[in-house]
Amino acid sequence: LPGLAPAVDVYENADEILLVADLPGVASDALKVDLDNGELLLEATRTGDSEGRMVESEYGDCTFQRRFALPAGIDAAKVAADLRNGVLELHLPKAEALKPRRIEVRAG
Amino acid sequence: VTWNDMLDNLRQRLRRTIGRDRGGALEPARSSPRLEQLGDRPLATPAADVYENDRELLFLFDVPGGSRDGATVVWTEREGLKVLVRSQGLPQGQRWASEYEPADWYRAFALPDQADGSKAVSAIVDGVLTVRVPKRGNAAKLVPIRGT
């Protein structure tokens with residue numbers, strides 16, 4: 001199958017890094033998300049059940065693959081993936097130590 | 001009775017006849033006379049595959065983020081098949097890397113004569129919109145002849 005790199009947006013807020021990837025036609029059991037030694041690998045396959053002669057082809061069966069180097073301080077145990085309507089949202093929570101904190105100032 | 005009243009009346013009768021909700025199964029194409037006005041965001045062209053066999057034409061559109069609520073499929077004899085799928089909004093937070101902008105998906109296809117768009121059915125699953133357009137039957141029909 002031809003390999004494609006899915007379009008990805010990356011967001012950050014105080015609590016997490018959010019990775020949003022377009023994976024149209026991919027069911028949740030055809031998606032693999034691996035986190036290993038600071039490297040994130042997304043792999044997905046889509047296969048259709050089309051019958052008949054191809055008239056026009058722009059889409060087709062394919063594998064999606066993309067690899068990212070993650071910054072330090074991601075809490076790997078709490079990473080959550082949510083695949084809905086062909087869009088993957090991967091939540092990468094920051095470790096508590098990296099979250100911004102307000103320091104209370106004591107009066108002397 | 002204005003033209004719009006007549007159209008509304010016809011639309012309601014069609015809805016009652018066809019039925020809209022079949023529990024996620026393939027359902028008849030929805031009709032909307034104001035397709036282009038639905039999108040206030042930029043329009044993007046979804047990648048499409050088209051297949052043909054003896055019974056039907058099959059259209060597949062890549063519409064990641066699209067759901068049934070935001071999808072409209074329209075067929076008219078004169079203009080053919082049109083699909084519009086609203087995309088979802090962007091998440092909150094500071095954006096580091098961006099490879100797509102929010103846009104609504106829109107695409108139109110003229111259909112061949114043997115395709116019967118009035119019987120088209122569509123479904124949207126995992127960000128892929130499927131439209132099946134059956135072909136008209138080609139069975140010979142005996143025409144009665146009156147006279148002596």
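Residue numbers begin at 1 in each chain, while the letters A, B, ... track the order of the sequences.
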Item checked: B/Arg132 bridged to B/Glu52 by N-O distance under 4.0 Å -> no
Note to self: Keeping B/Lys135 on the side-chain end and B/Asn53 on the backbone end, is there a donor-acceptor pair under 3.5 Å?
What the structure shows: yes
Next item on the list: Check the side chains of B/Asp69 and B/Ser67 for a donor-acceptor pair under 3.5 angstrom, ignoring hydrogens and angles.
Entry: no
Notebook entry, point to check: Relative to chain B, which of A/Leu18, A/Leu23, A/Val20 shows the most heavy atom pairs under 4.5 Å?
Noted result: A/Val20
Check: Of all heavy-atom pairs between B/Leu111 and B/Phe59, which one has the smallest distance, and what is that distance?
Finding: CD2-CZ, 3.5 Å
Check: Which one of A/Val87, A/Asp22, A/Val10 has the most heavy-atom pairs closer than 4.5 Å to chain B?
Finding: A/Val10
Next item on the list: Using non-hydrogen atoms and a 4.5 Å limit, figure out which bit of A/Val26 sits close to chain B: side chain, backbone, both or neither.
Entry: backbone
Note to self: Less than 4.5 Å to any heavy atom of chain B: does that hold for the side chain of A/Ile17, its backbone, both, or neither?
What the structure shows: side chain
Check: Which one, B/Gly65, B/Ala47, B/Gly127, B/Ala48, leads in non-hydrogen pairs under 4.5 Å with chain A?
Finding: B/Ala48
Next item on the list: Ignoring hydrogens and angles, tell me if any N or O in the side chain of B/Asp49 forms a donor-acceptor pair with the backbone of A/Gly60 under 3.5 Å.
Entry: yes
